[in-house]
2 protein chains.
Amino acid sequence: MLRMNTLDQRIISQLLGNARASYAEIGKVVGLSAPAVKRRVDRLLDSGVLRGFTAVVDPQALGWGTEAFVELHCRGNVSPTRIRAHVESLPEVAAAYTVSGAADAIIHLRAADIHHLESALERLRALDIVESTVSTVVLSTLLERPPVPQ
Amino acid sequence: MLRMNTLDQRIISQLLGNARASYAEIGKVVGLSAPAVKRRVDRLLDSGVLRGFTAVVDPQALGWGTEAFVELHCRGNVSPTRIRAHVESLPEVAAAYTVSGAADAIIHLRAADIHHLESALERLRALDIVESTVSTVVLSTLLERPPVPQ
DNA sequence: GGTGAAAAGAGGGTTCT
DNA sequence: AGAACCCTCTTTTCACC
């Protein structure tokens, strides 16, 4: 595990805001030269604190505007690893979490439309670890923030 | 609304995989010159299909490893806009959705630890639109995929 | 959408503290 | 160790075709 300081956090903060910012731009904000920023970014990538860089797209625009949250109730005791192995076979799974409470997991589904969502749900319910599901369809996305603030 | 073709989708796909890829690299994959790629990316940014570029960080590594999903039940009829206005005042809100079913919204909370999460939940419940909440604490993240596949 | 040129940035080695 | 400086090579970003 890496020990990070304020400088690293501020660099990450800049990259969260704009992953295509140049090292010089970032350096100007955090008070470092461009090569110094690059070496820190490389180190953060190596250590796994930074996993990579991605584009933020409008799901609606790409035709993936229909979402749902599904509480997963499994048959008997199923390990998180097995749940993961099963749910990652569905491309519509945007995220999956094991949780406290009655449900075993919460699945975030993302699909093109209601029919696509229904099809994904059917395939999810057909997994042999699944006993029952409780779905909540998303009507609108009020807010979505990048993974980590500041 | 913008009409997009396969070329745009492939460019977006490349940027989803690596937002810091050079235009020349992207162009080599999709069969375009670097300036042509840049023109399309600029147009996608202008039109809002591409919202920007961000870093993918390990929340654990930055000390934001504790998450929860909260079903929000509001007093009477509250518009999505008002819900949004209220919940975005909490920095711990990672995402918020209006949903079908009994709850009015689902809030995705992200905090440093259980105590931080508890504090965020208290502030959420203190909002005057909120009648009651049902929280589900995330035990582990099994899977998290970028916003849009392919 | 491609081409070519000027400006900006990346990346590596060296020096300084 | 880590950051700044410098130099070369690549990339970006225009112009124009």
Side-chain angles (χ1 to χ4, degrees), chain A residues 1-64 146-150, chain B residues 1-65 112 146-150:
Chain A
M1 178 80 177
L2 182 80
R3 55 181 188 288
M4 284 209 317
N5 53 30
T6 322
L7 227 39
D8 290 315
Q9 301 218 13
R10 290 175 62 201
I11 290 171
I12 289 171
S13 164
Q14 292 298 310
L15 287 169
L16 286 170
N18 176 18
R20 281 185 81 84
S22 74
Y23 295 129
E25 273 180 281
I26 298 168
K28 199 175 294 179
V29 176
V30 305
L32 249 63
S33 70
V37 173
K38 186 203 180 310
R39 276 189 283 110
R40 279 177 182 266
V41 171
D42 285 345
R43 198 164 49 88
L44 289 167
L45 283 166
D46 273 351
S47 67
V49 175
L50 273 175
R51 290 189 184 154
F53 306 99
T54 191
V56 183
V57 301
D58 180 2
Q60 222 84 26
L62 283 171
W64 285 79
V148 173
Q150 288 188 49
Chain B
M1 179 82 176
L2 183 81
R3 54 182 188 288
M4 285 209 316
N5 54 28
T6 323
L7 226 40
D8 290 316
Q9 301 217 14
R10 290 174 63 203
I11 290 171
I12 290 171
S13 165
Q14 292 298 310
L15 287 169
L16 286 171
N18 176 19
R20 284 186 78 85
S22 74
Y23 294 128
E25 273 181 280
I26 298 168
K28 199 175 294 178
V29 177
V30 306
L32 251 63
S33 68
V37 174
K38 186 199 183 309
R39 275 196 290 260
R40 279 176 181 265
V41 171
D42 285 346
R43 197 165 48 88
L44 289 167
L45 283 167
D46 272 352
S47 67
V49 175
L50 273 175
R51 290 188 184 154
F53 307 99
T54 190
V56 183
V57 300
D58 180 1
Q60 225 82 26
L62 283 171
W64 285 77
V148 173
Q150 291 185 48

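Throughout, protein chains are lettered first and strands after them, A, B, ... in sequence-line order, and every chain is numbered starting at 1.
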Atom pairs, protein N/O to nucleotides 10-12 of chain D N/O, distance under 3.5 Å:
from: D:dT12; atom 1: OP1; to: B:Tyr23; atom 2: N; distance (Å): 3.4
from: D:dT12; atom 1: OP2; to: B:Tyr23; atom 2: N; distance (Å): 2.9

Where do A:Gly27 and A:Val37 come nearest, in terms of heavy atoms and distance? CA-CG2, 3.5 Å
A:Arg51: salt bridge (charged side-chain N to carboxylate O under 4.0 Å, His left out) partners, not counting sequence neighbours: B:Asp58
Has A:Arg39 got a side-chain N or O lying under 4.0 Å from the OP1 or OP2 atom of D:dA1? no
Would you say B:Arg40 and B:Leu32 make side-chain contact, with heavy atoms under 4.5 Å? yes
side-chain contact (heavy atoms from CB on, under 4.5 Å) with B:Arg10: which residues, sequence neighbours excluded? B:Thr6, B:Leu7, B:Val30
Sequence neighbours excluded, which residues qualify as side-chain contact (heavy atoms from CB on, under 4.5 Å) partners of B:Ala24? B:Ser22, B:Ala34
Range on DNA chain C touched by chain A, heavy atoms, distance below 4.0 Å: C:dG9 to C:dG12
Atom CG of A:Asp8 to atom C1' of D:dG2: distance rounded to whole Å? 12 Å
When the axes are fitted on five pairs at both termini, how much does the helix from C:dG1-D:dC17 to C:dT17-D:dA1 curve, in 10° steps? 30°
Does a side-chain heavy-atom distance below 4.5 Å link B:Val41 with B:Gln14? no
Of the non-hydrogen atoms in B:Ala61 and A:Val49, which two are nearest, and what is the gap between them? CB-CG2, 3.8 Å
Inter- and intrachain pairs under side-chain hydrogen bond (donor to acceptor under 3.5 Å, both in side chains), touching residues 26-38 of chain A, at least two apart: A:Lys38-A:Asp42
Which heavy atom of A:Leu50 sits nearest to which heavy atom of B:Ala55, and what is that distance? CD2-CB, 3.7 Å
Here the gap from B:Leu62 atom CG to A:Ile12 atom CD1, rounded to the nearest 0.5 Å, amounts to 4.5 Å
